[in-house]
Amino acid sequence: MSDNELGLFLRTRREAVSPADVGLPAGSRRRTPGLRRSELATLAGVSVEYVTRLEQGRDRRPSPSVLSALADALRLPPGERIHLHRLTKAADGGFSCMGAAPPLRDVRPTVRALLDRLEPAPAVLVNRVGELLAWTRAYERLTGPCGLLDDTPPNLARFVLTDDRARAAYPDWERVADEQVAFLKHGPFRADPHIAALADELTVTAGTVFTDRVERLPGLPRPSGVLRMTHPQAGELRLAYETLDLPADDDQRLLVHLPADAATSAALDALAGRRPGALRAVSTA
């Protein structure tokens, strides 16, 4: 597997920017999506040879001024600029923010109390290797019948990428699988021995389902969006989700789901035996 995460990120971001986005003519004979390397080089004020070296991993330490110029040329939002900066720091190696500390599996009392107060919303606490540590009763009603909670401890990445039941549970399984790999790659990835061990396992158990995504996806999971699920009793559901990161010492995140339409709201209420309207749909516009 490639370790050229900086080059992968720059290429995927370049291919995501259309010429029109940066005031360039689209032309009629473009063979590549997005910007050409020469166009990015011109916009950033660097040579096309240097852009090539960065994308191919032959140079992994651009200066702050070049990094800023590339970020401006690619129209990166703040989250992606932070990610770009982190990738250049990771190229030095030898240091991981988490060190060799194992993934935290303890749940602080205030976090557990917060989960209690999130009822009746489906919510779950996840650590950096995808283990589910605690969840609301609503989350258990939502995901338990799909098989997600069968293992001890349950692991979201392992379930999505290796369990056939996940493909039935998620109509947009390809996108869900992309997100799980992106979450694993969002941190130090293989520089973290615990994530590396999970990656080695998934390389064997999931095969190309995992390794192909590692090669082509940057570590940029979507922190919010709409997730479609097919529930054995409730049918198809549309859930708006938000990812809430806890402090760095916890290295955990809360995933909170809310109904994205009235039909899902009614279905979740029916699963819980509540009166209709107890969990209102939220606008995703």
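Quick caveat, the model's predicted, so the values are computed rather than measured.
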- Under a 4.5 Å side-chain heavy-atom rule over Ile, Leu, Val, Met, Phe, Trp and Tyr, are I195 and V160 clustered together? yes

- Quick one: salt bridge (charged side-chain N to carboxylate O under 4.0 Å, His left out) partners of R158, sequence neighbours excluded? E201

- Query: Does L217 have any side chain to side chain contact (heavy atoms under 4.5 Å, CB included) partners at least two apart in sequence or in another chain, and if so, which?
  - Reply: D178, V181, R213

- Task: Answer whether the closest heavy-atom distance between the side chains of Q252 and L104 falls below 4.5 Å.
- Result: yes

- Presence of salt bridge, R128 and D192, under 4.0 angstrom: yes

- Non-neighbouring partners of D245 that pass side chain to side chain donor-acceptor pair (under 3.5 Å), sequence neighbours left out: none

- Query: Shortest non-hydrogen contact from A166 to F159?
  - Reply: CB-O, 3.5 Å

- Nonpolar side-chain network containing V226, other nodes, edges under 4.5 Å: none

- Query: Does the distance from a Lys or Arg side-chain N to an Asp or Glu carboxylate O, for E39 and R36, drop under 4.0 Å?
  - Reply: yes

- Message: Quick check: do H83 and F9 have side-chain heavy atoms less than 4.5 Å from each other?
- Response: yes

- Message: H85: which residues meet the ring-ring contact (aromatic ring centres under 6.0 Å, His included) condition with it, sequence neighbours left out?
- Response: none

- Query: Got a sec, which residues hit salt bridge (charged side-chain N to carboxylate O under 4.0 Å, His left out) with E242, two or more places apart in sequence or on another chain?
  - Reply: none

- Note on the structure: Applying salt bridge (charged side-chain N to carboxylate O under 4.0 Å, His left out) to R165 and not counting sequence neighbours gives D150, D163

- NZ/NE/NH1/NH2 to OD/OE distance under 4.0 Å, D200 and R190: yes

- Query: Would one find more than 12 heavy atoms of other residues, nucleotides or ligands at under 6.0 Å from atom CZ of R58?
  - Reply: yes

- Residues passing the salt bridge (charged side-chain N to carboxylate O under 4.0 Å, His left out) test with R238, sequence neighbours excluded, are D261

- Task: Share the residues that join L246 in a hydrophobic cluster, the rule being Ile, Leu, Val, Met, Phe, Trp or Tyr side chains under 4.5 Å apart at the heavy-atom level.
- Result: V107, V111, L114, L115, L118, L125, L133, L244, L254, V256

- Has the side chain of T243 got a donor or acceptor atom that lies under 3.5 Å from a matching backbone atom of L255? no

- Task: Decide salt bridge (Lys or Arg N to Asp or Glu O under 4.0 Å) for R11 and E15; before the verdict, give the C-alpha distance in whole Å, the side-chain angles of both, and the deciding distance to 0.1 Å.
- Result: CA-CA 6 Å; R11 177 176 57 78; E15 292 176 350; 3.6 Å; yes

Side-chain atoms of residues 44-52: list all donor-acceptor pairs with protein atoms under 3.5 Å, sequence neighbours left out, distances to 0.1 Å.
{"from": "S47", "atom 1": "OG", "to": "Y50", "atom 2": "N", "distance (Å)": "3.0"}
{"from": "T52", "atom 1": "OG1", "to": "V48", "atom 2": "O", "distance (Å)": "2.9"}

- Which residues satisfy the ring-ring contact (aromatic ring centres under 6.0 Å, His included) test with H231, sequence neighbours excluded? none

- Message: Under a 3.5 Å threshold, yes or no: a donor from one side chain and an acceptor from the other, between R108 and T110?
- Response: yes

- Item | Member of V282, L268, L258 meeting the side chain to side chain contact (heavy atoms under 4.5 Å, CB included) criterion with L239 | L268

- Message: Which residues end up grouped with F183 if you chain together Ile, Leu, Val, Met, Phe, Trp and Tyr wherever their side-chain heavy atoms are less than 4.5 Å apart?
- Response: none

